[in-house]
Amino acid sequence: MNNHTEDHRQHSVSSPEIARRYLAFFRARDHLQIAGTPLAGTESTLFVIAGMQPLLPWLRGEAPPPAPRLTTLQRCLRMDDADAVGVNGLKLSGFNMLGNWSIGDYGRREAIDFARELLSEIGVDRSAMWVTVFGGDSVSHLPPDDETIQQWRRAGHPEQRIVRLGSDDNLWTMNSPGPCGPCTEMFIDRGEAFGCGQSTCRPGCSCERFLEFWNLVFIEYEWQRDGSFTPLPLRSVDTGMGLERIAAVLQETPTLFETDLYAGAQQRLAELAPGGGDSPQQQRARRVIVDAVRSALYIGLAGVVPRSDGRGSVMRRLIRRAARQGRILGLDQPFLGELVAPLVERAEDLFSPDEQRLAPQVAGLLTHEERRFARVLTTGLRLLDRVQPESGGLVSGEQLFLLHAERGFPADLAAEVLAERGIAVDWPGYLAAMERHHAISRVSVRHATDVTE
Ligand code: GLY
């Protein structure tokens, strides 16, 4: 983003406005708007990963919901895609999910009609829209979701833009046992310029041509620990629309990182690193940095501080990764805290007044953590420059382990740096080195105890 004028021309509908219109649409259709749950407010995962997670007791029929129709905006954090952030312009670690739910109330027909009506109200070009549906498979042993296909046809969605996929794509679960069900995902075809050029390129392809922005899940099963699917007492609808993704659709940006949500931080970053360059690696660095700072901000606002374990370790990992990406842009002094204010200012309505007040403190945490890590980073990067693969083409796990044990340089970060040079790590060797080290420590402790006794 070069200047404010360009931002405002491009960002015709702001992200907070999209969120406001989504929630108002569903409130006007008898949905009760509930507040998002704090990001760290979950027992089963470190952070909330989907808007439906706080609703689990209601979806399971274990407790009555406050209303059968609900809507919310939920902050989420998913680290499973974190390595792809930046390489792929459509992936994020922290994001905002808009959702509407029917807890045992409406079904597929209404969910699809609501979606189509809202999309035309907010100006999504439905002629470029594709949908995927669950085609059944032998992995889950669940039947194809013919009813959803029927509903898309009835609603007038063209047959040739309905794609049937298997459970990897269209059986939504929390990646762990729990309520789940077949889903139907909506995509925008952004054209060949964004595609991989393969004749097989369709929704579900890993390239960036088809942008998935909304998922309607028909929660009907409990995925049991033994792998079976048992029917839930209620049939519910759980939807998740990525605010950043719908913003990219409506603002017609090439990636999520040019949307209004990141524009201020990108601009500040350009000011801090004016000679940052525009190579793919430098472009990726900017994306990783703004994603990591926003995610660390979200975590900090949930009351977490950087630590070596639990939620704090995720925050620390994000900060350290971003600090290292800063070096690619020539930034060797703490800078991450500088990006917090622009992230908040450009999306004020998405932060509560308390959070807006707290944001400078979180910025201070980022700076403190970055400063503490600076020397380790400098030394570690210098040592890594000299690391070469061994005869098997891999870097020895022992070397990586020692870099961590003796210099405090995290192994995952070292692996990321090496991967950029096309070098992979001998992970089994790393684990073996760790095991050896622990065994030696145990013996030494025992020996020391024997001596003192
Ligand atoms: N629970 C729906 C989604 O995360 O896509």
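When a ligand or atom number is given, it counts from 1 through the structure's own listing order.
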Identify all N/O pairs between ligand 1 and the protein with a separation under 3.5 Å and present them as a table of atom names and distances.
{"unit_1": "ligand 1", "atom_1": "1 (N)", "unit_2": "D238", "atom_2": "OD1", "d": "3.4"}
{"unit_1": "ligand 1", "atom_1": "1 (N)", "unit_2": "D238", "atom_2": "OD2", "d": "2.8"}
{"unit_1": "ligand 1", "atom_1": "4 (O)", "unit_2": "R78", "atom_2": "NH2", "d": "3.1"}
{"unit_1": "ligand 1", "atom_1": "5 (O)", "unit_2": "N215", "atom_2": "ND2", "d": "3.1"}

Next item on the list: May I ask you to say whether E370 pairs ionically with R324, meaning some side-chain N is under 4.0 Å from a carboxylate O?
Entry: no

How would you list all residue pairs meeting side chain to side chain donor-acceptor pair (under 3.5 Å) that involve [range], not counting sequence neighbours?
range            : result
residues 56-75   : R60-E222, R69-D105, R75-E355
residues 185-202 : D189-R209
residues 296-317 : N96-Y298, R294-Y298, R307-D309, R316-E369, R317-D412

Check: Is any side-chain heavy atom of I112 less than 4.5 Å from a side-chain heavy atom of T148?
Finding: yes

Margin query: Do R108 and F218 form a cation-pi contact, if we require the NZ or CZ to be under 6.0 Å from the six-membered ring centre and within 45 degrees of the ring's axis?
Written below: yes

